[in-house]
Undergrad: 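Just passing along the structure, written as structure tokens.
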Amino acid sequence: MSPYRIATIDGDGIGPEVCQSAARILSEACGSALLDFVRCDGGAAHYARTGQVLPDDTFALCRDSAAILHGAAGLPGVTYPDGTEVGNDLHLQLRFRLDLYANVRPVRLWQGVKSPLAGWQAGQIDYVIVRENTEGLYASRGGGINLRGEVATDTIVVTRKGVERVARFSFGLSRKRQGAPRDGKRRVTVCDKANILRSYAFFRAVCEEVAREHEDVEIDYAYADAMTVHLVKRPDFYDVIVAENMFGDIISDLGAATIGGMGLSPSAELGEHHGLFQGAHGSAPDIAGQNLASPLATILSGTLMLHWLSERHGDERLAVAARRIETAVGEVLAHGDAVPRDLGGTASCTEVTEAVLRRMARALD
Ligand code: IPM
Ligand code: MN
């Protein structure tokens, strides 16, 4: 059986360092017989050299591979004439052209990591934000207007198909989980502003229709402003949160902050036929190329990739490898083997990577 081909886009800033760290961990856990990483170009630096942020051959490789692993994209000052950033277009083009409609962002407090929220312990914060990833306010990117430099508008787009599929994904995800830490209940919380805008009232109404197909999962609601308070005051209440694109983008960073920061924030951007896996952080150009970045978000995104591939292909070997990496990351964090800078330590990207590898090796002894 041929290995699963992984289209690998290092990208910009810290992207190459964290992406190659994750590829090294994944290769160690799976072996070259299982995963074949094929590196390809893309991002802001590539655009600056060639005028293309997502080259045709890279898109074709992403479209035709088993999965996509990505570091980060975007460089300050590399912008389009309309002022929007070029690097972001790498993600956005892949999301829209491959129809990656569910942006899955786990928010988990790991043993050994101190939450900025007083008194919360590992296991008490463990939910997943599912961000609709192909419409909402982002549907207007490149489509909004700037009239005479006097007025600018963007339009939010909410479709029945778009909401149905991301809601079904969210309820299905809750069924696979163990419920909210507070009460063990399987719960999907719809985050919107249905009290103010018809588009969000429609989002909520379609989620309610889908909820009726999942009587075993509780539906819950929170306006986006109230959601920010709840994620600080009662994070243990949440199991799965579903939100429109822009709200999902915002609350997922808040969620990440409550469990130690973006350095521990993986993501899986999933469609019917494709998956893009990357840390939810940015390209951090200020620390690029200095071996300072934490690779953990990208490594954990790699485990999401293995679980996704394992489920799609019925290949348990991949899930075993994912669990082996997760256990090793958990032990590195719990024992403080190598604490990255974003968690208050001084460990380099290489030192964190090698600490995870050592834990993986010890598990085999
Ligand atoms: C994210 C990022 C992206 C977004 C940018 C880089 C396009 O903030 O994935 O959360 O706005 O969705
Ligand atoms: Mn974001």
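As the structure lists them, so they are numbered: ligands from 1, and atoms in each ligand from 1.
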Undergrad: Which residue in the set R186, K185, E218 passes side-chain contact (heavy atoms from CB on, under 4.5 Å) when paired with S174?
TA: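 Checked R186, K185, E218 against S174; only one passes side-chain contact (heavy atoms from CB on, under 4.5 Å): R186.
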
Undergrad: Check the pair R168 / E209 against salt bridge (Lys or Arg N to Asp or Glu O under 4.0 Å), numbers first and verdict last.
TA: CA-CA 10 Å; R168 282 204 179 96; E209 291 175 24; over 6 Å; no

Undergrad: Side chain, backbone, both or neither: which part of H281 comes within less than 4.0 Å of ligand 1 when only heavy atoms are counted?
TA: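 Looking at H281 and ligand 1, no heavy atom falls under 4.0 Å.
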
Undergrad: Quick check: Y47 with Y80 (ring centres under 6.0 Å apart)?
TA: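 So the answer is yes for these two rings.
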
Undergrad: Quick check: does D249 have an N/O/S atom under 2.8 Å of the Mn ion (ligand 2)?
TA: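 An N, O or S atom of D249 is closer than 2.8 Å to the Mn ion (ligand 2), so yes.
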
Undergrad: In this structure, does ligand 1 have an atom that sits under 4.0 Å from one of the heavy atoms of E85?
TA: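 Contact check E85 vs ligand 1: negative.
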
Undergrad: Tell me whether R358 is salt-bridged to D337, with the criterion being a basic N under 4.0 Å from an acidic carboxylate O.
TA: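 So R358 does not pair with D337 through a salt bridge.
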
Undergrad: Would you mind running through ligand 1 and noting each atom that sits below 4.0 Å from a heavy atom of Y138?
TA: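 Near Y138, the atoms of ligand 1 are 4 (C), 11 (O), 12 (O).
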
Undergrad: What atoms in ligand 1 come closer than 4.0 Å to a heavy atom of H91?
TA: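 Counting atoms of ligand 1 from 1, those under 4.0 Å from H91 are 6 (C), 7 (C).
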
Undergrad: Run the numbers on Y200 and E244 for side-chain contact (heavy atoms from CB on, under 4.5 Å), then give the verdict.
TA: CA-CA 8 Å; Y200 287 117; E244 172 270 338; 2.9 Å; yes

Undergrad: Can you tell me how the ring of F169 sits relative to the ring of Y101, calling it parallel under 30°, perpendicular over 60° and tilted otherwise?
TA: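 Ring orientation, 0 to 90° scale: perpendicular.
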
Undergrad: Considering only protein heavy atoms, which is closest to atom 3 (C) of ligand 1, and at what distance to one decimal place?
TA: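 Of every protein heavy atom, R95 NH2, 4.1 Å lies nearest to atom 3 (C) of ligand 1.
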
Undergrad: Quick check: does N88 get an N/O under 3.5 Å from an N/O on ligand 1?
TA: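 N/O-N/O distance under 3.5 Å: no.
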
Undergrad: With the threshold set at 4.0 Å, does a side-chain nitrogen-carboxylate oxygen contact exist between R141 and D154?
TA: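 D154 and R141: not salt-bridged.
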
Undergrad: Does ligand 1 come near enough to E269 that some N or O of the ligand is less than 3.5 Å from an N or O of the residue?
TA: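 No, no N or O pair falls under 3.5 Å.
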
Undergrad: For atom 8 (O) of ligand 1, what's the nearest protein heavy-atom neighbour? Residue, atom name and distance, please.
TA: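 Protein heavy atom at minimum distance: D249 OD1, 3.3 Å.
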
Undergrad: Kindly confirm or rule out an N or O of R131 lying under 3.5 angstrom from an N or O of ligand 1.
TA: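 Yes, since at least one N or O of R131 sits under 3.5 Å from an N or O of ligand 1.
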
Undergrad: What is the closest protein heavy atom to atom 1 (C) of ligand 1, and at what distance does it sit?
TA: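 Minimum-distance protein heavy atom for atom 1 (C) of ligand 1 reads R105 NH2, 3.3 Å.
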
